[in-house]
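Report on the structure given below.
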Number of protein chains: 2
Amino acid sequence: MAVTIRDVARRAGVSVSTASAALNNKPFVSPQTRARVLQAALELNYHVNRMARNLAMGRTFQIGLLIPALLEHTFSASHFFNQLMRGIYGACRPEDYSLVLFAVENEDDLTRQMTHWAHGRSVDGFIITHPTWEMPYREVLEQSGLPYVVIGRPPDKDASRVLFVDNDNVQVAYDATAYLLARGHRRILFVNGPSRYTYAHDRNEGYRRALHTYGVPVDERLLVEAELTFVDGYRVVDALCGQVTFSAVVVLNPMQALGVMHALAKHGCRVPEDVAAITTDCEMAKYMHPPLTAVDIQPYQLGYHAATILLQLLAGEPTAPRIIPHALVERASTRRMVAQAHR
Amino acid sequence: MAVTIRDVARRAGVSVSTASAALNNKPFVSPQTRARVLQAALELNYHVNRMARNLAMGRTFQIGLLIPALLEHTFSASHFFNQLMRGIYGACRPEDYSLVLFAVENEDDLTRQMTHWAHGRSVDGFIITHPTWEMPYREVLEQSGLPYVVIGRPPDKDASRVLFVDNDNVQVAYDATAYLLARGHRRILFVNGPSRYTYAHDRNEGYRRALHTYGVPVDERLLVEAELTFVDGYRVVDALCGQVTFSAVVVLNPMQALGVMHALAKHGCRVPEDVAAITTDCEMAKYMHPPLTAVDIQPYQLGYHAATILLQLLAGEPTAPRIIPHALVERASTRRMVAQAHR
DNA sequence: CTGAAAGCGCTTACAG
DNA sequence: CTGAAAGCGCTTACAG
């Protein structure tokens, strides 16, 4: 029923091996032969059977994208994830790789599935997002021998066995905080992501370092963590308003930031008049009311380089972890300077 | 290197066919034999090679999720898409199917790729989101013979050849609009999705029917369309404020709704005091300031049933399109009744 | 209930 | 530059 390479070979009057060589652009096929084969393939509307090709070559030309958090909160950082996937896609497409989504409810779920996915050879390698301190599924993964790249720093970065792509999250948080400190703010609320994610530790560190640089003591009540959602951003700030005072808030996730803004509004806090705000960049930030100052962490680049590293790994080429630069974009939400007296 | 079924068979002291039968839980294997085989597999840490299995069985146990809009705006409806995928996953997991993501920049791009994806047999079938009036890729898809299910109604619904899952979008918009009309509103802004999507037509229809039911003439200036993003929701309402008057807005996408709310705020319009607002449901809607009245369109169900229909198709079981019910959830954003005088 | 054999549709040394 | 043959690791009639 389906047209196979045998049909093509027959019609072109060549052997199957020659047909294969021609279709795969092997250099040693004569131009005339190649033309005949290609013509035959076209006429028969032939397309290689991937299942057979995969088995013969021992590769699937698929990479798995593991999202150990999807079903809870992933897409909440909509712009970020969107760009991340664009980047991954941008790198895979030219190499004819496609993307298999492995979304799971939680890490335990992932660990259970990983055995089948990895040992079953349904993909050639993995890109893993949302690295945590646990990553319990990693043991199974490594045992399977499949290569993988982490987006975000893995817990044992120092061991340097693991390939990853990340921002310098210490510096990201440092820059955001220092920017506010430089504008006179002294009481800065820091809404961090959940501490199970490795980046939350780094950002915490950056926040503290910035305060230290400016000689400002840390008030632990100003360090809070929230899930990466509108709802949780709203929740923590709603609970805090009235309890503690602050003149600025750093919330490095757009969805959390939206929630935070709504909580501030509910409590009658205007931005930037009463509170300055800074987040990570996305289209939304530009159009918020007021537009939000933001750190651009380049999600497209994160995705693109993660995929590139994985493809290099698969091709046996040398490769290395990569830090993606970030940049602060100034907008109205931090326009107000704080007078010396009010510090 | 990798352990194959031959190794398992050898260790269990049976033939390869018996090992296969035992591993696949065929009923005709004796309990003792099965136990020996399973034990051997466990000891050797054997996992079936999917590539070989796929080729032998002629199926990939993968379904493709086609998102002809991902790279522009998909995740903007974050909660919606999140739930949709959960639903798809929920149906696929028990059947051991996994999900391949086919995201493309646009429909032309998709058409070009579809040839390889569909004819290459890298998946057993497709779930397609964001149906438009064009769906140019569908011709190639149908020619390949692979089954597919559309989430949202396909353009030729009446032809009834195409399987799909959808809300009754005429009724969704009707209910939202009629709800506001019943509360006294007469000038109702309707922010629709892009007209290239089939659902936008249906919702437009529902809006008009509701006005007609209440004997309210349609003011075409109150019918606008926007991309499914915060930015575009903001843009259209920002442009409209001051140009036209309205006492309520229907915007059936959470991200657009956020943008609309920010535009209203910029122009000093309070919700619900100056303008009532109604959207589609998501966690956010509950926590907005004020909480938004919303139509729950049950995205999990949409995804779950789309996958279920596709799996039934693949299993050769009878199946049929399905309409998912919706429900209106009342919250503070539409609390205010409009006095007869202000109509 | 079990085993020997063919076949899924490719790719890839290898020989010529 | 081309062809005959083996092999990728399974599943599935088929015979016993």
Side-chain angles (χ1 to χ4, degrees), chain A residues 1-38 40-41 44-62 96 116 118-124 144-145, chain B residues 1-38 40-41 44-62 96 116 118-124 144-145:
Chain A
M1 33 170 296
V3 24
T4 75
I5 199 173
R6 296 193 53 172
D7 303 316
V8 175
R10 187 153 36 214
R11 175 177 265 254
V14 298
S15 73
V16 168
S17 13
T18 301
S20 174
L23 290 166
N24 289 297
N25 273 307
K26 300 293 182 196
F28 52 75
V29 182
S30 79
Q32 305 91 306
T33 308
R34 184 194 313 286
R36 278 221 312 289
V37 172
L38 262 38
L44 295 171
N45 193 25
Y46 168 79
H47 294 272
V48 67
N49 181 317
R50 298 288 187 148
M51 298 185 280
R53 182 181 216 236
N54 292 349
L55 180 59
M57 297 184 73
R59 359 183 356 195
T60 60
F61 296 94
Q62 295 190 138
D96 197 29
H116 304 104
H119 286 99
R121 302 275 144 177
S122 35
V123 297
D124 296 342
S144 79
Chain B
M1 33 171 294
V3 22
T4 75
I5 198 173
R6 296 194 52 173
D7 302 317
V8 175
R10 186 152 37 214
R11 175 178 266 254
V14 298
S15 72
V16 168
S17 14
T18 300
S20 173
L23 290 166
N24 289 297
N25 274 307
K26 300 293 180 193
F28 52 74
V29 182
S30 78
Q32 305 91 306
T33 308
R34 183 192 315 286
R36 279 220 313 289
V37 172
L38 263 39
L44 295 171
N45 193 25
Y46 168 79
H47 294 274
V48 66
N49 180 317
R50 296 290 187 146
M51 298 186 280
R53 182 182 217 234
N54 292 348
L55 180 58
M57 297 183 74
R59 1 186 351 197
T60 60
F61 296 94
Q62 294 191 136
D96 198 29
H116 304 106
H119 286 98
R121 303 274 143 178
S122 36
V123 298
D124 295 343
S144 79

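Every chain is numbered from 1, with letters handed out A, B, ... down the list of sequences.
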Atom-pair distance ([atom1] on [X]; [atom2] on [N]), nearest Å:
X: A/Phe28; N: C/dA15; atom1: CZ; atom2: C1'; result: 14 Å
X: A/Arg10; N: D/dT2; atom1: CZ; atom2: P; result: 19 Å
X: A/Arg34; N: D/dT2; atom1: CZ; atom2: P; result: 9 Å
X: B/Met51; N: D/dT11; atom1: CE; atom2: C1'; result: 16 Å
X: B/Leu55; N: D/dC10; atom1: CG; atom2: P; result: 12 Å
X: A/Met57; N: C/dC10; atom1: CE; atom2: C1'; result: 10 Å
X: A/Arg36; N: D/dG3; atom1: CZ; atom2: C1'; result: 14 Å
X: A/Arg6; N: D/dA5; atom1: CZ; atom2: P; result: 12 Å

Please determine whether a side-chain nitrogen or oxygen atom of [X] lies at a distance below 4.0 Å from atom OP1 or OP2 of [N].
X: B/Ser15; N: C/dA4; result: no
X: B/Thr4; N: D/dG9; result: no
X: A/Lys26; N: C/dT11; result: no
X: A/Ser30; N: D/dT2; result: yes
X: B/Ser20; N: D/dT11; result: yes
X: B/Asn54; N: D/dC10; result: no

query = Can you name the closest pair of heavy atoms from B/Lys26 and B/Arg34 and give their distance?
reply = O-NH2, 3.1 Å

ask   = Can any side-chain N or O of A/Arg121 pair as donor or acceptor with the backbone N or O of B/Asn49 at less than 3.5 Å?
value = no

request  = Scan A/Asp124, A/Asn54, A/Val123 and name whichever one has a side chain to side chain contact (heavy atoms under 4.5 Å, CB included) with A/Arg59.
outcome  = A/Asp124

query = Between C/dT2, D/dG9, C/dC10, which nucleotide has the shortest distance from any of its atoms to the side chain of A/Ala52?
reply = C/dC10

message = By nearest atom, which of the nucleotides D/dG3, D/dT11, D/dC8 is closest to the A/Ser17 side chain?
response = D/dG3

key: Residue mapping more 5' on DNA chain C - nearest nucleotide basis, B/Ala56 or B/Val16   = B/Val16

inquiry  = As an exercise, state the distance from OG of B/Ser122 to NE2 of A/His47, rounded to the nearest 0.5 Å.
reply    = 11.5 Å

task = To the nearest 0.5 Å, tell me how far A/Leu38 CG sits from A/Tyr46 OH.
result = 11.5 Å

query = What is the nucleic acid contact for A/Val14, judged by heavy atoms within less than 4.0 Å: base, sugar-phosphate only, or nothing?
reply = sugar-phosphate

key: Position toward the 5' end of DNA chain D (nearest nucleotide), B/His47 or A/Thr33   = A/Thr33

note = Pairing partner of D/dA15, by Watson-Crick or G-U wobble and under 3.5 Å for both distances, is C/dT2

